[in-house]
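A quick write-up on the structure given underneath.
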Amino acid sequence: MERADLVVIGGGPAGLAAAVRAKEKGVDRVLLLERNPVLGGILNQCIHDGFGVLRFGSAMSGPEYAARFIQMARDAGVETVTGAMVVELSPDKKVTYITPQGLFEVQAKAVILSTGCRERTRGALAVPGNRPAGVYTAGVVQYLMNMRNIAFGKNVVIMGSGDIGLIMARRMTLEGARVHCVLEKLPFCSGLPRNVRQCLEDFDIPLCLAETVKEIHGDDHITHVITAKVDEKGRFIPGSERTIPCDVLVLSVGLIPENELAKACGIEMDPVTGGALVDGDLMTSVPGVFSCGNGLHVHDLVDLVSEEGERAAEHAAAYLKGAANKPMVPVTVSGGIRYVLPRQLTAGEDGYLSMRVMLPGRDQKLTVTAGGKTLVSKKMKRVMPSEMIRLKVKDVPACEQVEVSLV
Amino acid sequence: MTNYDVLIVGGGSVGCAIAYALSRYDLKVAVAEKELDVGMGTSGRNSGVVHAGFNNRPGSLMAKLCVEGNEGFEALCKMLDIPYKRTGKLIVGYDEADHQALIKLKEQGEKNGVKGLEIIDGAAIRAIEPDLPASWAMLSRNTAVFNPFLYSIHLAEASAQNGVQYYLNSPVTAVEATEEGYRVQAGDHVLTCRTLINSAGLFADKVSAMAGDPSFTIYPCRGEYYLLDKGTLKMPVYPVPRPGVGGLGVHLTVTVDGNILIGPSADYIDNHEDYSTTEPILDQLRREAMILLPTLNMRTVIGTYAGVRPKLVKKGEANFGDFVIERSPKAKHLINLIGIESPGITASMPIARMVLDILSEDTELVEKPDFVPTYRGIPPFAELSRAEQRALIEQDPDYGDVVCRCETVTRAQVKRALHNPIGATGVIAVKNRTRSTMGRCNGGYCFQRIVELLLSEGKSPQDIDLKRRGDRPLLGYVKGGQA
């Protein structure tokens with residue numbers, strides 16, 4: 001059987017960065033498997049700009065950002081197979097993948113899962129009504145419009161205020177469609193503030209908060225939606241219904257980490273993030289299998305996805321060198337934090353925490369304490385569920401637990 | 001104008017079963033179907049259960065044909081490469097009244113000739129399905145599940161291989177009696193036939209009236225469903241039937257692919273093709289499913305859908321209308337199949353045999369020497385062994401190109417589905433044959449890849465149909481044109 005030191009599954013921003021960093025760290029044979037015919041993952045359909053501001057100090061399009069990493073992967077000597085769909089990962093790290101050239105198995109010493117995420121669907125929301133044509137997730141519209149020049153319709157309603165929905169509101173407007181509104185069930189926007197400004201406000205597209213689609217109508221093709229306001233518990237408010245005629249309904253109602261391989265492998269999952277449970281080394285419950293990027297938890301900036309990929313690679317490289325098992329310190333949260341990741345930090349090393357809040361807030365204090373001692377304290381002028389909070393904890397002490405609190 | 005001995009109106013499971021049964025004989029046979037593919041009405045919108053036959057009134061056609069159909073179903077599925085699993089089924093109850101009702105149900109089943117029925121207690125139930133809270137159940141060993149889409153499709157494709165002509169996308173709009181039979185307008189086609197077989201399901205009353213027999217009224221009764229991702233349920237779980245409910249009660253079904261269904265409700269509606277789901281019914285489905293199986297994970301919902309039963313009884317009437325299968329007393333060239341609702345698919349082959357008997361009264365049935373009874377569909381790549389998968393990729397590299405990630409469907413399968421032997425079109429033809437777009441991502445990954453394949457074969461975006469002609473999923477190209 002073919003062998004590799006490290007197999008990276010998924011050649012998007014997380015996987016590319018992981019593969020490059022692994023080579024830099026001296027890992028011998030790094031094999032990167034990508035299911036699409038080209039590397040870059042979802043970046044290739046993101047022709048808008050704004051990528052790479054943190055990383056490269058300039059705003060690039062998705063394909064430009066990907067191209068930098070693809071070049072780095074080439075230079076670093078990463079072996080890549082495109083058109084390769086991984087169909088199985090075994091707990092002993094045998095990776096089975098298929099390509100038009102055949103079905104292959106490779107025995108890895110370590111594996112990094114960088115499998116990205118998929119969109120939540122209309123079906124998962126179980127919106128009542130008919131199931132006519134003309135209802136798409138934002139990513140499908142983005143792919144076909146940007147990669148294949150496909151036009152979808154003239155009157156658009158966007159359900160959900162996720163970033164891709166906001167981006168597509170602008171894109172469809174630029175292609176001559178009328179985007180009637182973006183509806184968000186929550187009382188706040190799910191997308192980044194900069195996208196609200198650049199994609200909605202600059203084009204006079206209304207963002208309707210606490211309002212969502214109640215029914216979808218149309219026998220064959222969608223003809224209209226009925227929307228309604230919702231109360232603080234998410235229940236429809238009677239009498240608040242409006243009818244909006246449309247020929248396209250675009251859904252941008254959330255992203256779900258894609259982890260079918262991990263689940264089938266028996267890796268323990270986190271029901272809150274939808275990704276794997278990882279320790280301070282981003283290692284999953286299966287030793288030698290690491291997870292990073294949107295497959296671990298959904299990020300808002302690609303720059304941070306790449307960074308997480310690199311950290312996973314560094315830990316994978318250390319694992320391959322046979323680094324001793326280090327004591328892990330569990331992380332607990334209190335206050336308005338929806339999740340923190342990872343749920344364990346490595347004692348004696350710097351720790352990197354990512355977290356999201358449940359509700360928007362102002363003038364709060366974020367603290368990290370261990371055994372009564374404050375490790376980090378940070379004033380948060382404004383917190384938003386759409387904006388991931390990141391925190392570095394220097395030299396995590398060996399202790400019973402690290403507590404993260406936002407009040 | 002094209003002349004046929006027999007024209008079947010309606011390419012549902014019953015129409016296709018009749019077509020397959022007739023394709024054994026030296027006859028010119030055609031099927032007129034209004035949708036882009038066969039099996040698109042009630043036949044594709046149900047629980048996908050092969051019934052044992054204990055629910056139907058003893059002595060009825062329904063009971064007799066269902067029991068016969070169940071007996072032959074497995075062999076038929078094997079012959080035609082239709083996914084089938086004899087799972088068994090539980091009908092569950094909670095108290096002594098339910099227990100007595102189950103005993104009565106078992107007696108009724110045995111009167112109908114159903115074998116493999118057994119009353120079991122809570123412990124025995126939990127040995128089968130550990131999370132069911134029920135106290136009593138009837139276990140029916142001969143109940144099975146099958147793929148309802150491929151049932152109609154493989155019957156149709158097998159009959160096409162034996163010479164039956166399919167006119168899809170061809171709704172029957174006019175039927176004119178001639179001296180020898182009928183002249184029928186079906187879509188753009190004018191077809192003549194000596195015998196008209198009316199298996200038009202929800203519209204069988206209207207087709208019958210057009211052909212000279214206005215005796216029937218079909219009352220559409222909708223059932224809504226939830227579709228959940230694959231789970232651990234081993235067999236369908238039904239509640240004890242309640243009198244006066246227009247169906248078998250909201251139940252849990254495991255599909256042949258392992259998905260879980262919740263449904264169906266039973267509500268009379270006005271529009272025969274109103275496949276909407278509604279908020280109150282979806283609420284009701286959730287509630288009733290949680291009674292059957294409190295551990296059910298509603299976070300794994302993939303979608304909702306609805307089917308419509310073609311009932312011969314009105315709302316509020318006694319809940320029994322038997323199948324009508326007869327040569328019309330008012331029109332001698334017309335064979336009517338009316339009110340073929342559940343267990344219509346289970347009974348479809350015995351129904352076809354009954355139709356052959358009726359047809360043979362005035363038509364000579366001569367067996368063709370070259371009839372091929374077996375049919376092989378598109379290989380279900382995801383279910384094959386690694387060795388079989390490897391061999392397929394070697395044969396055709398397109399088997400190594402995965403188009404649908406949720407269900408692991410390959411480009412080779414999608415291509416074969418697009419070039420199917422009955423000329424079914426639309427993304428639906430791919431969906432029903434391969435399961436692509438049917439998984440948890442609702443086509444978020446594969447829809448665009450199917451579209452790309454169609455574009456690469458020369459289709460224009462605006463000519464691509466999704467489920468029905470003219471539903472226009474795509475408008476065309478943006479300014480700048482084709483990429």
Side-chain angles (χ1 to χ4, degrees), chain A residues 35 37 83-85 87-88 96 98-105 118-137 139-140 143-154 174-177 214-222 236 247-248 256 258 260 271, chain B residues 226-227 273-279 281-282 298-306 382 386-387 389-390 393-394 397-402 405-406 408 410-411 440-445 447-448 451-452 455 461-462 465-483:
Chain A
R35 64 190 179 193
M85 179 67 95
V87 290
E88 193 177 345
T96 309
I98 61 176
T99 79
Q101 282 71 49
L103 185 145
F104 303 94
E105 288 176 339
R118 64 161 178 271
E119 298 179 279
R120 182 167 287 129
T121 63
R122 186 250 166 131
L125 300 177
V127 183
N130 224 328
R131 295 188 301 154
V135 182
Y136 308 91
T137 56
V140 168
Y143 178 88
L144 284 173
M145 196 168 237
N146 291 350
M147 307 294 276
R148 296 285 169 251
N149 277 6
I150 299 288
F152 281 84
K154 302 234 178 266
L174 291 173
E175 290 297 347
K214 196 177 171 205
E215 284 169 32
I216 296 172
H217 288 272
D219 288 334
D220 294 339
H221 197 93
I222 187 167
F236 291 113
D247 57 2
V248 187
I256 304 165
E258 193 152 270
E260 272 64 36
Chain B
Y226 268 108
L227 167 67
E273 288 184 294
D274 183 351
Y275 295 118
S276 312
T277 52
T278 61
E279 206 191 336
I281 297 293
L282 293 177
M298 292 303 290
R299 283 178 70 163
T300 63
V301 168
I302 287 178
T304 60
Y305 68 96
R386 296 286 180 233
Q389 291 178 338
R390 190 173 272 143
I393 300 170
E394 261 165 42
D398 278 345
Y399 280 104
D401 185 349
V402 176
R405 87 192 131 187
C406 301
T408 320
T410 65
R411 186 178 171 90
R440 64 186 74 86
C441 87
N442 285 194
Y445 188 80
F447 174 72
Q448 55 214 45
V451 166
E452 282 180 322
L455 297 179
Q462 62 273 21
D465 298 311
L466 192 64
K467 279 190 288 195
R468 309 185 79 171
R469 179 168 64 165
D471 61 9
R472 287 186 310 119
L474 309 173
L475 195 62
Y477 288 109
V478 296
K479 53 185 181 278
Q482 190 166 3

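What you see is a predicted model, and the numbers here were worked out from it, not measured in a lab. Naming: A, B, ... by sequence-line order, numbering from 1 per chain.
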Could you tell me which of [options] has the largest number of non-hydrogen atom pairs under 4.5 Å with chain B?
options: G123(A), A151(A), P132(A); answer: A151(A)
options: G134(A), G102(A), A84(A); answer: G102(A)
options: V248(A), N130(A), I256(A); answer: N130(A)
options: P37(A), G129(A), G83(A), A126(A); answer: G129(A)
options: M85(A), E88(A), R148(A); answer: R148(A)

Please classify the contact of [X] with chain A as side chain, backbone, both or neither, using a heavy-atom distance under 4.5 Å.
X: E452(B); value: side chain
X: R440(B); value: both
X: T408(B); value: side chain
X: E394(B); value: neither
X: I302(B); value: backbone
X: L455(B); value: side chain
X: Y305(B); value: both
X: Y477(B); value: both

Should [X] and [Y] count as side-chain neighbours, where that means a heavy-atom distance under 4.5 Å?
X: Q448(B); Y: I150(A); answer: no
X: L103(A); Y: R386(B); answer: yes
X: T304(B); Y: P128(A); answer: no
X: M145(A); Y: V478(B); answer: yes

Between [X] and chain B, with a heavy-atom cut-off of 4.5 Å, which part of the residue counts as in contact: side chain, backbone, both or neither?
X: Y143(A); value: side chain
X: V87(A); value: both
X: E119(A); value: neither
X: L144(A); value: side chain
X: Q101(A); value: backbone

Atom pair CG/CD of L475(B) and Q462(B) - distance to nearest 0.5 Å: 8.0 Å

Hey, could you give me the CG/CZ distance between N442(B) and R131(A), rounded to the nearest 0.5 Å? 9.0 Å

With the threshold set at 4.0 Å, does a side-chain nitrogen-carboxylate oxygen contact exist between R405(B) and E258(A)? yes

Which word best sums up how the rings of F152(A) and Y136(A) line up, parallel for under 30°, tilted for 30 to 60°, or perpendicular for over 60°? perpendicular

Among R469(B), R472(B), K467(B), R468(B), the one residue meeting salt bridge (Lys or Arg N to Asp or Glu O under 4.0 Å) with D220(A): R468(B)

Is there a donor-acceptor contact under 3.5 Å from the side chain of R122(A) to the main chain of V127(A)? yes

I'd like to know whether CZ of R390(B) has more than 12 heavy-atom contacts from other residues, nucleotides or ligands below 6.0 angstrom. yes

